[in-house]
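In each ligand, atom 1 is the first atom listed, and ligand 1 is the first ligand listed.
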Amino acid sequence: MKLDAIALANKYGTPLYVYDFDYIENRYSTLKDAFAGKKSLINYAVKANSNLSVIQHLAKLGAGADCVSIGEVKRALAAGVDRYKIIFSGVGKRDDEIREALEKDILLLNLESEAEMKRVEMVAKELGKEARISIRVNPNIDPQTHPYISTGLHENKFGVEIDMAKRMYIYANKSEFLNPVGIHFHIGSQLTKLSPIRESAQIVADLVRSLKAIKIDIKFFDVGGGIGVVYDDEVTIKAEEYTQAIFDATKGLDLTLLCEPGRYMVANAGAFFTKVLYEKVNDGKRFVIVDGAMNDLLRPSLYNAYHKIEAVGLGTDTEKTEADVVGPVCESGDFFGKNVPLPALSHNDLLVIHSAGAYGFTMASNYNTRSKAAEVALEGGADRLIRQRETYEDQVRLELDYLK
Ligand code: LLP
C-alpha cells in the first residue's frame, strides 16, 4: 500500500484501520477473471470485514455475499448486495433468523444438519413459502491449516457427511416447502495448498452426479472460501489454479460456480496503525507498548498469527533490536508480535501492522472498556472515514438507563 501513513495517523488518530479499496478491486477482478467462460458468482464472506463501505465496494463490482447471521444478511442488503446474490450459512440459525431470511427472499440458506433442515421446512411452511436450500457437505479432508480454522474433517462441527447429505437431499426434494438448489463445502481458512480443495471438489461433484442420477438437479456448486494469503513468506494458491481445479472436478455438469472468499479479498488490503506509548526493558527483554491492543486485532493472541510490523518515518540506517510489541490490555497474551526487529522508538512513533484487513476489526471487542478503532478507506488517491472512532458514550449507551 502506497500511502502517507503518518499523515493519515495524524488526520484520523490511532489506533486506526486503513483499507486500500483499489487493492480490493484488483483482488476481486483477478478471481472473477479466473472464472471466465463459466457461470460464477463470488459471494464475499462478510465476516472477514463487514464494514458497510467495504461490502458496498464489492457489491458495486458485482459480488454477492456469504453471511453467517441475520445481522450479516442485513449488512449485505444495506450495502446494496442484490438479495438473489446472498447466501446464509452457519451451523446454528435461530427460527427468527430463518424466518427473516425467507421473508427477504435471499438466494439460499445453506444447511448444516438434518435438524436444521426440519426447522427451515417448518418455518417455510408457516410462511407458505418454498425455501431454496443448499447442504453443506463435510468431505472429511484435512485442509492442512491451523486447527482453529480447519473445518472439513468429521471431527469438526461443520456440515454433514456424504450419506446424510444424500438422505437430506432426497427428503428436501420431496418436501413442498424445500427446494434443494445448491451444494456446498468449506474445508478451512488460510489454505495454502490446492490439493485438499481439489479432492473435496471431486468428492462433492461426485455427489452431484449421483443426485442427478436420481433426478435431483443441483444448480449451485459452492466451494466455500479459504484461499490463503501471504502474511510472511507463504507460497499460496493462484486464482487460475484454484478455478481450474474446480472446473476439472465439475466437468460435464451444468452448474453455477460459487465461492466465498473473505481473507483473499481484504486481508492484504488492510493495515492497522498504532502509535508507540512507551518502551521498557525488563531484565534485558525489550517491550514496545503501543496504543492498540488485542481487543483491536486479536489474531496474534488467538492464533499466534504472524503480522509484519514496521516502524514508519524513521531512517532505515538506524540499528534494530528485537522487541515484543504489546498493548495496554491486562493479559500476557496481549501482543502483536514477539521478537520483532525494531529501531529505537519514541513516544508517538507510528507502527504499521500489515495484512490486517481480514478478521481484524470484525473480531474486535470492547475488552477493558476500550473503544473500537476508526476505519478509513483509500480509493483513487483519496482517503475517507468509513467508520467513526467509537466513544465511551457509545459503549455505555445500553447500560446507563439501569443505574439505580
Ligand atoms: N465460508 C465459510 C462457510 C466460512 O466459514 C468462512 C470462514 C469463509 C467462507 C471465508 O473464509 P476465508 O476465505 O476468509 O478463509 N478468524 C480466523 C478465520 C476464521 C474463518 C471462519 N470461516 C482468522 O482470523 O484467521
Ligand 1 atoms in contact with [X] (distance to a heavy atom under 4.0 Å):
| X | value |
| --- | --- |
| D66 | 1 (N), 2 (C), 9 (C) |
| E260 | 1 (N), 2 (C), 3 (C), 8 (C), 9 (C), 10 (C), 13 (O) |
| R136 | 3 (C) |
| P261 | 13 (O) |
| Y303 | 16 (N), 17 (C), 23 (C), 24 (O), 25 (O) |

**OP:** Provide the full list of side chain to side chain donor-acceptor pair (under 3.5 Å) pairs with a residue in residues 208-220, sequence neighbours left out, each pair given once.
**Re:**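 Pairs touching residues 208-220 that pass the test: D206-R209.
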**OP:** Keeping to residues at least two apart or across chains, list the side chain to side chain donor-acceptor pair (under 3.5 Å) pairs with something in residues 333-351.
**Re:**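 The answer is K285-N339.
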Subject >> Stepwise salt bridge (Lys or Arg N to Asp or Glu O under 4.0 Å) check, D95 with R119 >> reply: CA-CA 7 Å; D95 283 2; R119 269 341 265 187; 2.6 Å; yes
Original post:
Among H184, H186, R263, which one has a heavy atom closest to atom 25 (O) of ligand 1?
Top reply: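 Minimum heavy-atom distance to atom 25 (O) of ligand 1 goes to R263.
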Nitrogen or oxygen atoms of [X] and ligand 1 under 3.5 Å apart:
| X | answer |
| --- | --- |
| G226 | yes |
| S189 | yes |
| G262 | yes |
| S89 | no |

**OP:** May I ask whether M265 places a heavy atom under 4.0 Å from ligand 1?
**Re:**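 Checking ligand 1 against M265, which is what was asked, there is no heavy-atom contact under 4.0 Å.
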Original post:
Does Y171 have K118 sitting over its ring (NZ/CZ under 6.0 Å from centre, angle to axis within 45°)?
Top reply: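 Yes; both conditions hold, so K118 lies above the ring face of Y171.
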**OP:** Consider only side-chain N and O atoms of R299 and H307, and report whether a donor and an acceptor are under 3.5 Å apart.
**Re:**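 Short answer, yes.
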Subject >> Mutual orientation of the aromatic rings belonging to F361 and Y17 [parallel < 30°, tilted 30-60°, perpendicular > 60°] >> reply: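 Perpendicular, since the angle between the ring planes exceeds 60°.
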**OP:** Would you check if the distance from the ring center of F273 to the ring center of Y12 is below 6.0 Å?
**Re:**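 Here the rings of Y12 and F273 have centres that are no less than 6.0 Å from each other.
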Original post:
Do T369 and Q395 touch side chain to side chain, with heavy atoms closer than 4.5 Å?
Top reply: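 Side-chain contact under 4.5 Å: yes.
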